[in-house]
Amino acid sequence: MAALLRNFAGNSWIETGRTFANVNPVNGTKVCDVSEADAATVARAVAAARRAVEGDWGRMGDAERAALLHKVADRMEARFDDFLAAEIADTGKSHSQARTIDIPRGAANFRIFADLIRAYPNESYEMTTPDGAGALNYSVRRPLGVVAVIAPWNLPLLLLTWKVAPAMAAGNAVIAKPSEETPSTATLLAEVMQEVGIPAGAFNLVHGFGPGSAGELLTTHPGVDAITFTGESRTGTAIMKAAADRVKPISFELGGKNPAVIFADCDFDATVEGMARAVFTNCGQVCMCTERVYVERPIFDRFVRALKEKAEALVLGRPEDAGVDTGPLISAGHRDKVLSYFRLAVEEGATVVTGGGTPRFGDDRDDGFFVQPTIWTGLGDDARVCREEIFGPVCHIAPFDSEEEAIARANDTDYGLCASIWTQNLSRGHRVARRIEAGLVWINSWYLRDLRTPFGGVKLSGIGREGGVHSLNFYSEPSNICIKL
Ligand SMILES: NC(=O)c1ccc[n+]([C@@H]2O[C@H](COP(=O)([O-])OP(=O)(O)OC[C@H]3O[C@@H](n4cnc5c(N)ncnc54)[C@H](O)[C@@H]3O)[C@@H](O)[C@H]2O)c1
Ligand SMILES: O=C/C=C/C=C(\O)C(=O)O
């Protein structure tokens, strides 16, 4: 990776006077410096994006745009190892996860929306009129214009491209702002855009923080037509306020406090395996990770013992080391937040089944941001650690006695992103899933993704749905044309 990551606007690479450090969470060392976008750089990106919408990019037909987006995916695949190294350096996530999930999904996101835009239908309605001649209504779709894409650090390339790809497929020009914690793969993506000949200004990149920096400069800029954001619910509130003045369209994928409901008739071993993934994948830093586990009482003790064994068998370490399951948390700040919840759980009276602290390696990893996989039992549903999103490798497990009770407790939350239900009785699985207040419910699995399906949350977990045609619906707007015949 370059020693300094720069901003990208209108096909120019821009360095400002200010930089910030990109830190490797494995050992706290500096990966590189990053040029922080200032107001002039954001304005330059917005102007370039506007020119693209009104110019070559905006005039391009769907087929040509789709072909270019396939080239983006091809080039990402050709530079797979660069993307892999960059994502790992920024996040410390395991090689095996980045290789099988993060980087392939980056390319896949471009392919699916390139294909979908070519098959995206318009509506048409014939109507009768008093004179008997009738009228014909049909809709045409237009892009929103200049779209700001603001992304988090947990699945950096996957979540940025999940929005950039459909926005561009629908003909918008994009200004992407990756998280300040994970600027590298977004910068590679800008290089790829340039390498495959995406017209100037169709993709722009600004680096920086949220408040008082690139994030806020972008969301408050009057030239930005729409904002799509993934991140914390609190940040969603701030962005919604920024968007309110000009009633800009927003699409939000926010936090979660996701439940799992495990019935005594589940396939026990598969459930334990699935829950180990659901709780500990990416060190618990996936918005869909499970932090509340409800287990039917007859198998409660056995389940707690089995998940404890799984947690204690997880290998923490460097991304490139063979057999490593889990890397560190993203930053010292986030580690401190997660550790504060570890302390709070004890103050609230939790039984610590396993973990609850930081591991010791005896080498440079002790300067990194690792925490132990952690399981608690013994708390009521009103404990703060059972209500607030922690975003670490941790869950609380509670017993339940009836289906009604499990549904009520699963729904007793301010969030509503996802849930999983584990039972071999599929009628019950469906019956319970139907009543869970969440945008996504998995039965006997977790994070199994078909990119055509609606994706998003209810309550504090978000606004709107993306995925497949839902993304294209957000990133374009229909105009109805009515012809009196
Ligand atoms: N629902 C989902 O699909 C989904 C997916 C991934 C992560 N998340 C959530 O994201 C959170 C973790 O990510 P994070 O810590 O990077 O989130 P965050 O909200 O702190 O930051 C996300 C992005 O917003 C920017 N930002 C922060 N404040 C801003 C402001 N006032 N104006 C404009 N931009 C601003 C940041 O710089 C970053 O790029 C968790 O809550 C997690 O649940 C949700
Ligand atoms: O951390 C949140 C993960 C979100 C995942 C997706 O948006 C996806 O798989 O498309």
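Each ligand, and each atom within it, is numbered from 1 in the order the structure gives.
- Close contacts of ligand 2 with Arg105, meaning ligand atoms under 4.0 Å from a residue heavy atom, involve 8 (C), 9 (O), 10 (O).
- Of the candidates Leu451, Asn109, Leu159, Asp450, Leu159 brings a heavy atom nearest to atom 4 (C) of ligand 2.
- Here is the list of ligand 2 atoms found below 4.0 Å of a heavy atom in Cys287: 1 (O), 2 (C), 3 (C), 4 (C).
- Applying the side chain to side chain donor-acceptor pair (under 3.5 Å) test to Asp414 and every residue at least two apart in sequence or in another chain returns nothing.
- A donor and an acceptor atom, one from each side chain of Ser35 and Thr16, are located under 3.5 Å apart.
- Between the side chains of Tyr120 and Asn473, at least one donor N or O sits under 3.5 Å from an acceptor N or O.
- In this structure, Thr230 does not count as a contact residue of ligand 2, since none of its heavy atoms falls inside 4.0 Å of the ligand.
- Taking every heavy atom of Leu155 and a limit of under 4.0 angstrom, the matching atoms of ligand 2 come to 1 (O), 3 (C).
- The distance from ligand 2 to the heavy atoms of Arg449 drops below 4.0 Å at these ligand atoms: 8 (C), 9 (O), 10 (O).
- Ring-centre distance between Phe209 and Phe20: below the 6.0 Å cut-off.
- Phe455 CZ, 3.5 Å is the protein heavy atom nearest to atom 6 (C) of ligand 2.
- At a 4.0 Å heavy-atom cut-off, ligand 2 touches Asn154 through the side chain alone.
- Other residues, nucleotides and ligands place more than 12 heavy atoms under 6.0 Å from the NZ atom of Lys459.
- Residues Asn258 and Glu291 bring no donor and acceptor atom of their side chains to less than 3.5 Å of each other.
- Below 3.5 Å of separation, one finds an N or O of Tyr447 facing an N or O of ligand 2.
- The side-chain heavy atoms of Lys257 and Arg292, taken from C-beta on, include a pair separated by under 4.5 Å.
- For the pair Phe369/Val338, no side-chain contact is recorded, criterion being any heavy-atom separation below 4.5 Å from C-beta on.
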Donor-acceptor pairs are to be reported for all side-chain atoms of residues 152-165 against protein atoms at under 3.5 Å, with residues two or more places apart or in another chain.
unit_1 : atom_1 : unit_2 : atom_2 : d
Asn154 : ND2    : Gln285 : O      : 3.2
Thr161 : OG1    : Asn109 : ND2    : 2.9
Thr161 : OG1    : Leu157 : O      : 2.7
Thr161 : OG1    : Leu158 : O      : 3.2
Trp162 : NE1    : Glu253 : OE2    : 3.3
Lys163 : NZ     : Thr228 : OG1    : 2.6
Lys163 : NZ     : Glu466 : OE2    : 2.6

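- A donor-acceptor pair shorter than 3.5 Å can be found between the side chains of Ser213 and Glu36.
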Pairwise, report which nitrogen or oxygen atoms of ligand 1 are under 3.5 angstrom from protein nitrogen or oxygen atoms, and how far apart they are.
unit_1   : atom_1 : unit_2 : atom_2 : d
ligand 1 : 1 (N)  : Leu254 : N      : 3.1
ligand 1 : 1 (N)  : Leu254 : O      : 2.6
ligand 1 : 3 (O)  : Glu253 : OE1    : 3.3
ligand 1 : 10 (O) : Gly231 : O      : 3.4
ligand 1 : 15 (O) : Trp153 : NE1    : 2.8
ligand 1 : 16 (O) : Trp153 : NE1    : 3.1
ligand 1 : 17 (O) : Glu232 : N      : 3.4
ligand 1 : 19 (O) : Glu232 : N      : 2.9
ligand 1 : 19 (O) : Thr235 : OG1    : 2.6
ligand 1 : 37 (O) : Lys177 : NZ     : 2.9
ligand 1 : 37 (O) : Glu180 : OE1    : 2.7
ligand 1 : 39 (O) : Ala151 : O      : 2.7
ligand 1 : 39 (O) : Lys177 : NZ     : 3.0
ligand 1 : 41 (O) : Glu389 : OE1    : 2.6
ligand 1 : 43 (O) : Glu389 : OE2    : 2.5

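- Applying the 4.0 Å criterion to heavy atoms of Met288 picks out, from ligand 2, the atoms 3 (C), 4 (C), 5 (C).
- For Val458, the side chain to side chain contact (heavy atoms under 4.5 Å, CB included) test picks out Arg465, with sequence neighbours left out.
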